[in-house]
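First listed ligand is number 1; within each ligand, the first listed atom is number 1.
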Amino acid sequence: MRKMISMQLQEVHALSMACLLANGCDPENAQAIADQTTKAEGDMCQTHGLFRIPWYVGGLRSGRANGRARPWIEHLAPAVLRVDGDNGYAPLGLLAGQKPLADCARKNGVAALAFVKMFHVGALWPEVEALAAQGLCVFAFTPSYPFVAPAGGSKGLYGTNPMGFGWPRKDGPPLVFDQASSAMARGEIQIAARDGHPVPETAGIGPNGETTTDPNVVLAGAQLGYGGHKGASMAMMVELLAGAMIGEFLSIEAAEDDGGEGGPPKGGELILAMDPVRFGDPDGFLDHGEKLLSAILAQEGTRLPGARRMAARKVTPERGIEVPESLYQTLQGFTT
Ligand code: NDP
């Protein structure tokens, strides 16, 4: 069993800041990343919390990621914005893009933000939630590295390419789901390999396309999309929208750019925001949506996406979180 240690969220933030500042981030960039990291730990999304700091630090140390990035925004069309991330990490650029995107969506009914020249190693729900909390309906997409085979193929081509969706609610935080296109997160397969556990046959295939439950064979081969060809098509869509359309890397190009170093993937993100009050039922859409959500919850065994995170968010500020001691030690080593 891995030894765990307890941390308060303030300590998570302070440790993240210390790691980032000691490795080339300026305070503004460090603050934006530390805020995202702390949010992830607070919502018990450990795969995008402190676990990712070594990736952030690795990108800074190799010189690929700009820790002093100054993202800037431009209008490409009346309802299309672009944030140039200045080769930095996504959180600061996402902050820069949020208000202009929301304003543009309110003005036009719909608006899109193409986020380029940045490194995204986080979850999508923070940016989706921030916009949906302002009453907008939101989609977000980002590619990553080529781990997922196309349907029927045997070589990794698509990223694990997540898609996030947000819907405003009448009372309380918005409904948000945020899911990868792959059947299993890569981190979960790596953990299964480390701990000697099998993975489901649906998780991936071996280098020659063979069926396997051995996580090491999947890591040497390719992951599969969720629901077979359906997840693969989702992953393909994300490559086209958040890669080809916005002039950014496909996942295969991100891997070429990285040169096999395995650092954070460079690329883009596309966010679409819609103002629901401009779609013909301004007084009814919220109640109408609630009707669906209530009907879901009326069935035993259901919950809404995001409910697990919201429950965690209520308890972690007081109770704190648990972190593997080995990770804690690694992070302490980055602070000097
Ligand atoms: P999960 O499969 O754990 O969850 C996906 C979504 O489904 C979540 O919104 C979750 O809500 C919801 N959900 C889970 N169980 C239920 C249920 N029983 N009923 C209703 N809803 C449910 O996530 P993934 O492994 O697919 O992705 C994890 C994260 O990895 C995402 O945040 C994604 O953005 C990120 N990612 C980032 C990449 C990058 O390159 N930046 C690449 C790939 C993934 P809840 O959170 O409340 O459980």
Legend entry - ligand 1-proximal atoms of M310, by part, heavy-atom distance under 4.0 Å: neither

Legend entry - Closest protein heavy atom (residue, atom, distance) for atom 18 (N) of ligand 1: R303 NE, 4.0 Å

Legend entry - Exam field: side chain Q223 to backbone A183, donor-acceptor pair closer than 3.5 Å: no

Inset, instruction - Name the orientation class of the two ring planes belonging to F165 and F177 (parallel below 30°, tilted from 30 to 60°, perpendicular beyond 60°). - result: tilted

Inset, instruction - Using a 4.0 Å heavy-atom threshold (strictly under), name the region of A307 that reaches ligand 1: side chain, backbone, both or neither. - result: backbone

Inset, instruction - Would you check if the side chain of E210 reaches a backbone N or O of N208 as a donor-acceptor pair within less than 3.5 Å? - result: yes

Legend entry - Member of D84, L101, V83 meeting the side-chain contact (heavy atoms from CB on, under 4.5 Å) criterion with I73: V83

Inset, instruction - Starting from atom 40 (O) of ligand 1, find the nearest protein heavy-atom neighbour and note its residue, name and distance. - result: S144 CB, 3.4 Å

Legend entry - Interfacing atoms of ligand 1 (cut-off 4.0 Å, heavy-atom, R309): 46 (O), 47 (O)

Inset, instruction - Pick, from G231, A312, G306, the option with the minimum heavy-atom distance to atom 45 (P) of ligand 1. - result: G306

Inset, instruction - Go through ligand 1 atom by atom and flag the ones less than 4.0 Å from a non-hydrogen atom of F177. - result: 9 (O)

Inset, instruction - Do me a favour and list the nearest non-hydrogen protein atom to atom 27 (O) of ligand 1 with residue, atom name and distance? - result: A180 N, 3.7 Å

Inset, instruction - Could you tell me whether some N/O pair between T142 and ligand 1 is separated by less than 3.5 angstrom? - result: no

